[in-house]
Amino acid sequence: TAIGPSSLGLADVPSFNLEWKQAIPATESNLTAIYYQMHGVKIVDRQRTEQPEGNILELRMRALAVQGPTASGYLS
């Protein structure tokens, strides 16, 4: 018998892949940024607040795996 969220009647939460790009100042090497790839990301908590300078959306996420830092990314 399988034991897990689906066998217990719980909904499977959608997951996605995420890439974080961090720009770095120009150096002697030709690197302009470093990248982190996160796989199997799920949103754990989300909070919206209204501020005088604009609305803010805060997301807290959890990833199954993280790769990085690397010198190239999927989006580059």
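Computed over heavy atoms, backbone and side chain alike; hydrogens, waters and symmetry mates excluded. Quick caveat, the model's predicted, so the values are computed rather than measured. Starting from 1, each residue takes its place in the sequence as its number.
Counting only heavy atoms from C-beta outward, the side chains of E19 and Q37 approach each other to under 4.5 Å. Two residues are said to be in side-chain contact when any heavy atoms from C-beta on lie closer than 4.5 Å; H39 and L64 fail this criterion. Side-chain contact between Y36 and Q67 is absent, with no heavy atoms from C-beta onward closer than 4.5 Å.
One hydrophobic cluster holds both L57 and L18 under the rule that ILVMFWY side chains link at heavy-atom gaps under 4.5 Å. There is a path of hydrophobic side-chain contacts, each under 4.5 Å, that joins F16 to L59.
Heavy-atom neighbours of E50 CD from other residues, nucleotides or ligands within 6.0 Å: at or below the threshold of 12.
Shortest non-hydrogen contact noted between A33 and I24 is N-CG1, 3.7 Å. Closest approach of N17 to G40, counting heavy atoms only: OD1-N, 3.4 Å.
Atoms CZ and CD, from R48 and E58 in turn, are 12.0 Å apart once rounded to the nearest 0.5 Å.
Taking R46 as the reference, nothing meets the salt bridge (charged side-chain N to carboxylate O under 4.0 Å, His left out) condition, with sequence neighbours excluded.
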